[in-house]
Amino acid sequence: DTAVSQTPKYLVTQMGNDKSIKCEQNLGHDTMYWYKQDSKKFLKIMFSYNNKELIINETVPNRFSPKSPDKAHLNLHINSLELGDSAVYFCASSQDSAGSYEQYFGPGTRLTVT
Amino acid sequence: DAKTTQPTSMDCAEGRAANLPCNHSTISGNEYVYWYRQIHSQGPQYIIHGLKNNETNEMASLIITEDRKSSTLILPHATLRDTAVYYCIVRVGMGGATNKLIFGTGTLLAVQP
């Protein structure tokens, strides 16, 4: 069974559209994250939720809105997509938000905005 | 979180030990050293972490110098599947604030047949 799964794996869309990426973890973890890896391969954290509560919000445009309907799911909705949003988006989870718990990453969603 | 410095790339022969260095000269007393790797087109994968003592698990060993200003990740018998970018990350561990990973540029390890 996949621990952290994301859908879709690939997403190609046009500028100005609105799209969502879904993430689910079956590890029973309390904390989930979204990371963005750009074309230069830099990985940066975007958001983190702990027990459905937003705890990390790095300087991300407000076109990006995460939503956590329950502990096992963290979705990412992006409005008015721009060319610069093209990247691979990784979801991750950890047992808790504090401490040294390792993070488990999903396979990524490659978003291409044309 | 303290800054880390890693070589951009390294080669290793298959079956030999791969030793990946990391410099973290500004590390604080309560900061841990973490290692993750990212195999091409996959999500990052946790490998190991440590504070002061050397650590070993089924994937690798972590050697931390006595002054804690540098560390080495050792893959004892590298295989082609170990070809990946390896990230050394320093952050506060237990009792720390939020569990936020800050990735640098990492070391691209190429295992050669």
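Sequence lines set the chain letters: A, B, ... in the order given, protein chains first and strands last, and positions in each chain run from 1.
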* **side chain to side chain donor-acceptor pair (under 3.5 Å) partners of A:N51, counting only residues at least two apart** => none
* May I ask you to check whether over 12 heavy atoms, not counting those of A:K44, lie within 6.0 Å of atom NZ? => no
* Which atom of A:K41 lies closest to which atom of B:Y87, heavy atoms considered -> O-OH, 4.0 Å
* Residues B:Y36, A:F105; criterion side chain to side chain contact (heavy atoms under 4.5 Å, CB included); working and verdict -> CA-CA 11 Å; B:Y36 282 75; A:F105 285 78; 4.0 Å; yes
* Quick one: closest heavy-atom pair of A:F90 and B:Q38, and the distance? => CZ-NE2, 3.4 Å
* Is the backbone of B:L101 close enough, under 3.5 Å, to the side chain of A:Y33 for a donor and an acceptor to pair up by distance? -> no
* **Part of A:S48 lying under 4.5 Å from any heavy atom of chain B** => neither
* Enclosure of B:R16 CZ (heavy-atom neighbours >12, cutoff 6.0 Å) -> no
* To do: Give a yes or no on this: more than 12 heavy atoms of other residues, nucleotides or ligands lie within 6.0 Å of atom CD of A:E58.
  => yes
* Under 4.5 Å from a heavy atom of chain B, the part of A:Y104 involved -> neither
* Asked: Do A:F42 and B:T105 come within less than 4.5 Å of each other through their side chains, counting heavy atoms only?
  -> yes
* Among the clusters formed by ILVMFWY side chains lying less than 4.5 Å apart, do A:L76 and A:M15 turn up in the same one? -> yes
* Asked: Side-chain heavy atoms under 4.5 angstrom apart, residues restricted to Ile, Leu, Val, Met, Phe, Trp, Tyr: same cluster for A:L54 and A:Y89?
  -> yes
* **A:Q6 versus chain B, the contacting section by heavy-atom distance below 4.5 Å** => neither
